[in-house]
Amino acid sequence: MHLINLRKTYPGGTVALKDINLTIKPGILGLLGPNGAGKSTLMRMMATLQLPDTGDIQYAGYSTLRHPRTFRNVLGYLPQDFGVYPQVSAERLLHYLAVLKGISSRQHRRIRIDEVLERVNLSDYRKQAVHTYSGGMLRRFGIAQLLLNDPSFIIVDEPTAGLDPGERQHFLQLLQSLSEAKTIVFSTHIVDDMQELCTDIAILDQGCLLLNQTPQQAQAELQGKIWTWTQFPNVCAEVHQPGTVLSITGGSHGQRHLRIYAEQPPIAEALPSPPTLADVYFYQLYQNGVTV
Amino acid sequence: MNTFYHILAEQVHFWIRRPVYYLFLLGGFLASWGLLVGTAGLFDPSPGLPPARPWLNSPVSIFHMAAFFHPFLLAVTAVIAGQTGTRDFLYRTHLLIFSTPVSRSAYLLGRWLGSVTLLLAIAVMLLAGLWLGEHTPGIAAQQLGPIRPQAYLHTWFLFLFPNLIIWSALIFMASLHSRSTYAAYVLAIALWLLRFVLPAFSAVTPLLSVIGDPFGEYAQEYLIRYWTVEQQQTQRLPYGQVVCWNRLLYLCLAAGVFTLGGYRFHFTGMASPGGWGHKFILHTKRLENLQSLRVQYRRLMERLPDIPFSTQALSSFRFPTVWWLAMFQLRYLIRQPVIHLVSGLALLSFILVGQRILQGTPLIFQVDAHLLLAAPAALFSQVILLLTFLISGMLVHRDRRSRIQELTQLNTLAGWQPIATQIGVVLLVQAVLLAVLVGIIIGWQTLHGDKSPDIFIPFIYAYSVIWPWLIVWGLAAMAVHQLAGQLYTGLLVLLLGWVGMNLLPAVGFTDTILLFPGSAQLTLSRFQSWSRQLLPFLYIKGYWLSLTMFCLITASLLRARHTGGGFTERWAFAKNRIRPKIIFLLLAFALLWVTWGYAIHRQEQDGFHPPGPAARTAHLQSMQSFMDRPFPVIRDIDLSIDLYPTAQAYHINGTYRLENPHDQPIDTILLRGGFDEQTSFSWPVPARKIFCDSLFQTEVWVLESPLMPAEQIALHFAVHSRPATYFEHPQHVEDEGIYLRQDVLPRLGYPIIDSLPAHLGRNYLSADADLVHLTTTICAPPTLQTLAPGTKTNTHQQEDRHCTTFTTPHPIKFSFGFLAGNYVRTTEYWGSLPLHIWHHPAHGATAPILTAGLRAALQYHSRYFPPYPFADASVVEFPGTLGSHATAYANLLPVSERNFLIRPDTTQASMALPFYLAAHELTHQWWGNQVIPAAEPGALMLTESITEYLSGQIYRQQFGDEALAAFMRIQHERYFRGRTAETGTEPPLSQVTNGQSYLAYGKGSLVLLALAGQVGEERLNYLLSDFLRKHKPPNYPQANDLVQMFTDSLPDKYVPFLHDRFQTVTLHHLAWQDARVTRKANGTWQISIQLKVRAERMIQGQWQDIPFAEAVPIVCYNQVGQVLEQLTLSHDLIDDTLSIELSEAPSHLEIDPDLYFLDPDLTDQVIYLRE
């Protein structure tokens, strides 16, 4: 998929996207960015639910903006937050969504629904009303519905938000299993999720695309420039070289662990550290004028 | 207090940020302004618009105009107060708000009063619109009276303000505890329906409907039900007992519901899932049973089958997908309690209103499909319409309300399929409810013993008249909801549109192409083919269907999506989705609509348009020079009538034999044809036309040789019906039923009989004829029987047509009709006199009761009056689309089809309308045909008053005194209700004029029955007989001749009565002051009574009290209603307290049970005794 010069401004003047140009290759693209960066807007555009002011989205040689129904045949979408019809069982609701996705044959639907429910481990709960599901079950239901038409392009918007660690792990494994021969775009706040899954990452901030690389490439660029230092209470350190504090985490007894970007060791006690995706993320934000 | 204020302010602020609120402020303002100025003729300033009576800004008029908007205000209340109760649950803010320390009272009162504030602002705008209306320049002064703020204050403080308080309190609590805005709509619909069904209980408790009306209108109407126009214009509206009781009842109800609801409201409980209903179920002991029921119900819903369809043939249309989706949506709908509740309310109201119509106190009817298809079905269809608005919105907004739209919008369906699904579901629900309606009508007939219930008519009506109307509105509702961002916005726009559409005719918009169908009603007739009746109706529906399709396609392009509703966003999506196919469809429907509309407009333009008041005035002025010119009279008429029902046309060739009755020659003759016909004249002598007005079909001819006194001449004429258009046809002709009257024939002389000089006058019906010999030959297709006044003297065939000649055995007055139809004839005899009933084959059930009426009338009149003058008597049914009346022409008594639909229960003594009609019309053979009044005021007293009196006596003879008492109550109501519509000055009975039937029928019958009660029925009837014998034509008497004869023939003690009742406008007011009973030592009972009596008379335009100089009849009853004592209280004893001694325990007393006096208020004439 090629995103070409996408631009979107909301009433009131908020610029959600500023001339986004992005190529999404098969694999898993992780979309990272702070709140209000434009991730959901971008995902809704890719999912043909929203139109840009200018620009185009090309997939397999055609514009998805001009031919949304064609693209929806191969699309699976799981929004960040969605509702369900009350008093409707999972099985029936999946039937309904399958019909909407063009699976008109009842037998075919039945087979497909059995498969997706099995895949997301909800077969035992198929007769239960969806609105009674727990958060994790609802997410799995969301995955089930997006798999109905065996999509080749999947968009998931913050799929692990609000899940407990076990559910989150399970969900990521599910996504991993889906990635074969498919293109998956998923957004998250949790950088670790990307570390494990993504073949590509893209970082958005204030409507701008800051980075689009593989995780390895992004990390490699910061190799040798990331330093860690533990600051003890009431202890001052002598700064040798200028640097940028990328992140600060708390430790015991009032200690603070700093991760610093600098060309050279900024402090004598600073230790070199392999760059992580979080470092990449914070560094990009810093470059874009966002301070931690 | 601070918290309360902020909650109230936030509630107001929430709505005032929404454009839809301003839509309703402005819409209400413009609608009320438009109603007043439109009624005043601002949009149709034709000169000669009659003055408004009462004034459009009189207190009564302001009240009525404001009350017109009550349904609109109720709907707005349902939205605003309903949304107020559910807002926090809808937007899921309740978890935040309910966990704050806000008090319950601050929250509830703040929210509710905030909604009240918003509603009151809308109501203020309504009144402001009316106020501005009366100040709008350009309105004729005669439409308005003095400006009175009191009119607005009364309406505001007694109705608008309390109604909004009451409705909002009830609706707010209902939606709050159910957490559903649908509860608000159901409650609003229930309140609206309540006022239609309450009158069904009026037979049980007459005041129930008055006090129980949630709008308060009935209570106010009850207090002014007998107000004349003068009173309506000048008097302040009363707020007597019933109004106060009504307001108090509902205010207490609202206060009680609000208090109880507030008491049961807890933040803790409300934060948990489920509404009040859910908690109620949890707390009942029948939990298990209820849960079991719910499980069974759910299983039933689950078992609703997927309808199997072979996809092979239809796969290219993807119909199975649409069907499956439709069933999915249908399951959702039929599981919504609101659907069941509203449908149940509709059915219940249909049954209750239908029961009231059928009982028609004191008329009793068998269950009849036509009656049920009138008002009851109209109400039912209105509720289905409201349901259509609701379910359209529920379907369109379902995904957004469930927040699943991001999943469901990612569908691969063709653009039309989701909309087709929703439309299909809506139409299916409509069709099912109509099927229930048809089933109830058929079942009702069967339950009441009808062995051949009418199935066809209800089915045809439901699916050919009501359903097309519902379909058009259904599509419009889908279009509106597609555009509306919220369910309630769409509902309000639709309701406003519906109210507005019904308002258009009232403000002067009458073109068919402008009137979006406001209701689905059509008068059907068995005498017309279904295609003729339905096709024009459906043609117009097709016109509106093409518009709604265009709007629906446009709306679906611009529909609100999940991303919000900004127009820019919608326009971008619409541009993205537009395709050549869609453009083609839009153009096609637009073109269809324009073309169709043009065709309808052209047809209407080509149709008949009666001249306006200005043209009439100009025409009469041009006739002034001919007003006092003598003209001949018609002695004989020879007519040859050709009927062409298939072409809806007729031709008449005729000859008048004219005679000069004056003592001077006549050379200039004014001839008039009918408006609806094309008439041409020819003379056998040289003559030239000197004047012609084709609009009014008037010609003036000059004979070369004048017509000398007593000389006769023939006038030949030809009358052709005007060509029929698709929507209009000559008003006398249907496919299988024709009813022509004398007004299709030409007339002589100045058109206004009353304005003619005395020497030119004749009788009340015609100045150009006394009695005439009539010979009529009617030719028609052989399937039709033809009828004309007189006896059949000849029949012959003319090619493929059958011709019959009728000749009157003796001259008759110039009033006749000619009928043809596919009749069945039922014949019985009174002695040797045949009594024929000519009726449609399906309408034979009424024949026996009509015959009974004829027989009873003949039996009665034969005792007093000359013999019936014809060889037979024929009641003939004519198409209901040509009128609803009955009348008498010589031996023919045409009666409307609508009266043949009434099949009275003949096993009961009842006010059987067909019996009454037959008796009444036959009585006109004497009164109206043997006595023909002069062309003077009072003529109707000699025709209708006497006929109505005699009909009452015939009724009493047949059905007993109770039936007569019921008859008199009807006449009482007729008189006093009729006075409220009298725009002129009410004259005395002996001066009654045309258009004052309330006086002729109502007061006339009461007065003559009272006179008969005084002097005796026999004596009065013999006096009438004398009068009849002395005044045969051409002796044309006046009403005062009869009064004079009464005065001369009756003892002097009756003179005040005669003067009072016949020659003045006098009303009486009789009421009980007190009545007590005491048991005496000897075991007898003593009653002491005090009466309050008063009489007033209209003298020179003013009501003045006059001495009460008549005795008052009083009747005393026991516990079981038997008469214990009847006495007549002399007028000079009335002011005293009187005693009556009785041997049996009395229960109650009644003043004047036989309605001897003309007292508007009968409710204070019965008193139950106190010890």
Side-chain angles (χ1 to χ4, degrees), chain A residues 9-12 41 43-45 47-53 63 65-89 91-93 95-106 109 127 129-132 141-142 145-146 149 151 155 157, chain B residues 92 273 294 297-298 301-302 304 306 308-309 311 314-315 318-329 331-332 335-336 398-415 417-418 421 561-579:
Chain A
T9 306
Y10 286 118
T41 302
M43 299 187 104
R44 282 201 295 269
M45 281 184 191
T48 71
L49 292 174
Q50 197 165 358
L51 290 174
D53 294 336
S63 167
L65 302 184
R66 293 290 300 161
H67 304 281
R69 276 178 57 209
T70 309
F71 180 60
R72 286 172 191 165
N73 280 309
V74 298
L75 172 69
Y77 176 59
L78 176 62
Q80 178 180 354
D81 187 22
F82 65 93
V84 291
Y85 293 143
Q87 308 295 343
V88 180
S89 68
E91 186 176 39
R92 183 162 292 282
L93 189 53
H95 266 288
Y96 177 62
L97 292 167
V99 170
L100 295 181
K101 287 173 185 276
I103 308 173
S104 53
S105 158
R106 197 183 332 152
R109 282 202 304 272
K127 298 291 186 189
V130 188
H131 77 279
T132 63
F141 175 83
Q145 63 82 29
L146 81 81
N149 58 332
I155 302 171
D157 193 351
Chain B
R92 307 209 301 186
R294 286 165 71 189
Y297 184 70
R298 196 175 302 140
M301 294 299 111
E302 292 288 327
L304 281 177
D306 288 331
F309 256 90
T311 60
L314 299 170
S315 59
R318 304 190 78 174
F319 182 75
T321 300
V322 174
W323 180 262
W324 194 96
L325 291 171
M327 288 300 106
F328 183 84
Q329 299 288 16
R331 274 194 194 85
Y332 155 67
R335 291 167 70 174
Q336 303 306 309
R398 183 188 182 193
D399 289 353
R400 195 174 316 116
R401 289 167 73 91
S402 298
R403 300 172 59 244
I404 199 176
Q405 73 275 13
E406 284 190 312
L407 302 183
T408 56
Q409 281 186 6
L410 290 181
N411 61 71
T412 61
L413 302 176
Q417 285 180 295
T421 302
R561 286 170 172 79
H562 76 287
T563 50
F567 182 76
T568 314
E569 189 85 12
R570 296 193 197 205
W571 183 246
F573 266 107
K575 280 196 302 186
N576 193 51
R577 287 192 58 215
I578 200 86
R579 295 285 185 273

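We name chains A, B, ... by the order of the sequence lines, and we start the count at 1 in each one.
Ranking A:Pro68, A:Ala47, A:Pro79 against chain B, the residue ahead of the rest is A:Pro79, based on heavy-atom pairs under 4.5 Å. Of the listed residues (A:Phe71, A:Phe82, A:Tyr96), the greatest number of heavy-atom pairs within a distance under 4.5 Å of chain B belongs to A:Tyr96.
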As a quick check of understanding, evaluate side chain to side chain contact (heavy atoms under 4.5 Å, CB included) for A:Thr48 and A:Arg72, giving each step before the final call. CA-CA 8 Å; A:Thr48 71; A:Arg72 286 172 191 165; 3.0 Å; yes

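With a 4.5 angstrom heavy-atom cutoff, A:His131 does not touch chain B via any of its atoms. For B:Arg398, the parts lying under 4.5 angstrom from a heavy atom of chain A are both the backbone and the side chain. At a 4.5 Å heavy-atom cutoff, the contact between A:Leu75 and chain B is made by side-chain atoms alone. Contact of A:Asp81 with chain B is made through backbone and side chain together, with heavy-atom distances under 4.5 Å. B:Leu410 touches chain A through backbone and side chain together, each having a heavy atom under 4.5 Å away.
A:Tyr85 and B:Tyr332 have parallel rings, their planes meeting at less than 30° on a 0 to 90° scale where 60° marks the start of perpendicular.
When the side-chain contact (heavy atoms from CB on, under 4.5 Å) test is applied to B:Pro418, the partners found at least two apart in sequence or on another chain are B:Leu413.
A:Met43 contributes atom CE, which lies 11.5 Å from atom CG of A:Leu49 (distance to the nearest 0.5 angstrom).
Counting heavy atoms from C-beta outward, A:Leu93 and B:Ile404 have side chains that approach closer than 4.5 Å.
In this structure, A:Arg106 fails the cation-pi test against B:Trp324, since its NZ or CZ atom is not both closer than 6.0 Å to the six-membered ring centre and inside 45 degrees of the ring normal.
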